[in-house]
Amino acid sequence: MQAAKISPVAVVGLGKIGLPLAAQFASKGLDVIGCDLLPEVVESINAGRAHIHEEAGLEDAVASAVAKGKLKATTDTPRAVANAEVVVIIVPLMVGLDRAIDYGHLDAATRAVARGLHKGSLVIYETTLPVGTTRRRLGPMLESESGLSAGADFQLAFSPERLYAGRIFEDLRKYPKIVGGIDEPSTERALQFYRSVLDAEVLAVDNAETAEFAKLAETTYRDVNIALANQLALYASSRDVNVTQAFKAANSQPFSNIHRPSLGVGGHCIPVYPHFLLGDATNGELSLVRDGRATNDGMAKVGLHQLERILGGLRGRRVLVLGASYREDVKELAFSTVFPVVDLLHRAGAQVLLVDPHFTRDELQVVEAEIIDDVDAAATKGVDAVVVQAWHSEFRDLDWGRFRGLKVVLDGRGTLDAESVRRSGASYIAIGISETRAGAPK
Ligand SMILES: NC(=O)c1ccc[n+]([C@@H]2O[C@H](COP(=O)([O-])OP(=O)(O)OC[C@H]3O[C@@H](n4cnc5c(N)ncnc54)[C@H](O)[C@@H]3O)[C@@H](O)[C@H]2O)c1
């Protein structure tokens, strides 16, 4: 469907999510003006080049949209907004190591949008937010800077971005888009907008708060589910249960969807968004969410104790960590379990080596390990143990037999073929699979 009536559209924040969105809107015939703080990002896009290379289809989509004159970029957000009918804001909300929220980018983007806001605009936030933020923090900021009134002069809605980096265009076709406004006209207008630019279903919910909460509920569900998987796996490990088989069998019942046990949960989303809920929860509310977070944060320690036991101590051992990213096939270190894993290994006296083909040596300097260029080079180093943190595609053909003297592999993601490890003569362990279980590694 073409959407000539809802155009131009300003997309504020041209990052991993904002740029694909801008390209998607342009592909539907809208005139899109993307806004970003970074001049180099703007220049690259105006030259038809996506500055993000990991997203399948993005480079072609940007080149095509720019060539057709449908996508332009600017650092001048107020001017872009002044010329736009719809404004989509997708700048990050930063979260510190203590999980405290830093609204700096979002507030700055909101003020810049307010300076260009005019009667009849529709403003939609897509950045994941604590419940109530659109109405109580951002709406008043837009009003006070613009002199306009939310609801009366401009419409305001929230629509969470649920895409999975790396397969965004695929998800844009599949994942229903959730929309909730600060009032009915805002919801209705946002609904019409997304229906004109997405092929997926668009679902209206009662209000902005419901839409904000939906995203936090879905991500928190996954965190708590992983915590449950971890606790079940630990229970099972001392009872002669093959936990991998047990979960697979349990999940053959359609109502069961037990996730995978692991060394921990990383990334910008899953370990962070539960704190958006906990931040304003009263005593006694959400205790399951709080416990789940603590369980997942403690798993690196649990896994490394297993490793320590099987090796009879870690002091002086050479341990290779495979993958620094928080999960496979992404280049992202945010809240990655690599940090506690490497820290705990050092504290136990191990020598830590690290390979991650997604990063340069410089980019990995934030991790205190000996950076090795690739698995071939690592195999010559004589490592005692391997800890799999992120099982990138580049590792999947790995021949464990090349690691002479390798004693054990700790599968931190529970995804490896255990038999391929055991065939090399090394032991295989994972959360819930320890050397003590019958039939497990010798
Ligand atoms: N990355 C993901 O996997 C993912 C998935 C689902 C939802 N989200 C949501 O999307 C948000 C953005 O994530 P991302 O991965 O695209 O971030 P990102 O860091 O890749 O990109 C953000 C962009 O916003 C720009 N920016 C920052 N402040 C700005 C301002 N004041 N004005 C204009 N531009 C500004 C930055 O320069 C950057 O280019 C997240 O906070 C999250 O809520 C992300």
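Numbers here are sequence positions counted from 1. Ligands are counted one by one from 1 in listed order, and the atoms in each one are counted from 1 as well.
Considering backbone and side-chain atoms alike, E126 places every N or O at 3.5 Å or more from each N or O of ligand 1. An N or O contact shorter than 3.5 Å is missing between T77 and ligand 1 by distance. Residue I17 has at least one nitrogen or oxygen atom sitting less than 3.5 Å from a nitrogen or oxygen atom of ligand 1, judged on distance alone.
Note that the CG atom of N207 and the CZ atom of R135 stand 6.0 Å from one another [nearest 0.5 Å]. Between L320 atom CG and L354 atom CG the span is 7.5 Å, to the nearest 0.5 Å.
With respect to atom 3 (O) of ligand 1, the closest heavy atom belonging to the protein is A165 CB, 3.6 Å. Residue, atom and distance of the protein heavy atom nearest to atom 19 (O) of ligand 1 are P92 CG, 3.9 Å. Of the protein's non-hydrogen atoms, the one nearest atom 30 (C) of ligand 1 is L37 CG, 3.5 Å. Looking only at heavy atoms of the protein, atom 25 (C) of ligand 1 is closest to D36 OD2, 3.2 Å. Protein heavy atom at the shortest distance from atom 15 (O) of ligand 1 is K16 CE, 3.4 Å. In terms of protein heavy-atom proximity, atom 21 (O) of ligand 1 is nearest to G15 CA, 3.1 Å. In terms of protein heavy-atom proximity, atom 27 (C) of ligand 1 is nearest to H105 ND1, 3.6 Å. Among protein heavy atoms, the minimum distance from atom 7 (C) of ligand 1 is reached at E161 O, 3.3 Å.
Of all atoms in ligand 1, numbered sequentially from 1 with element shown, those under 4.0 Å from a heavy atom of L93 are 41 (O). For ligand 1, the atoms closer than 4.0 angstrom to any heavy atom of I90 are 9 (C), 10 (O), 11 (C), 12 (C). Close approach of ligand 1 to T128 (heavy-atom distance below 4.0 Å) involves ligand atoms 43 (O). Atom numbering of ligand 1 starts at 1 in the shown order; those under 4.0 Å from a heavy atom of L163 are 5 (C), 6 (C). When each atom of ligand 1 is checked for a heavy atom of L38 under 4.0 Å away, the hits are 37 (O). Every atom of ligand 1 with a heavy atom of Y273 under 4.0 Å away is listed here by number and element: 42 (C), 43 (O). Each of the atoms 41 (O), 43 (O) of ligand 1 lies under 4.0 Å from some heavy atom of T127.
For the pair P130 and Y103, the minimum side-chain heavy-atom distance is below 4.5 Å. Two residues are said to be in side-chain contact when any heavy atoms from C-beta on lie closer than 4.5 Å; E55 and K16 fail this criterion. Looking only at side-chain heavy atoms (C-beta outward), F154 and V87 stay at 4.5 Å or farther from each other. Put simply, the side chain of L353 does not reach to within 4.5 Å of the side chain of V355, judged on heavy atoms.
Between the side chains of E212 and T133, no donor-acceptor pair is found at a separation under 3.5 Å.
Taking all heavy atoms of A109, P160, C269 into account, the minimum distance to atom 31 (N) of ligand 1 is reached by A109.
Residue-ligand proximity: V91 is placed with a non-hydrogen atom under 4.0 Å from ligand 1.
Comment: D107 engages R137 in a salt bridge, judged by a side-chain N to carboxylate O separation of less than 4.0 angstrom. The pair K331-E54 does not count as a salt bridge, with every side-chain nitrogen at least 4.0 angstrom from each carboxylate oxygen.
If you run side-chain contact (heavy atoms from CB on, under 4.5 Å) between V123 and each of V12, T110, L142, only L142 comes through.
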### Query
Going through the checks in order, is the salt bridge (charged side-chain N to carboxylate O under 4.0 Å, His left out) test met by E126 and K177?
CA-CA 11 Å; E126 293 207 5; K177 188 82 175 126; 3.4 Å; yes

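Heavy-atom minimum distance, P357 versus F395: CD-CZ, 3.6 Å.
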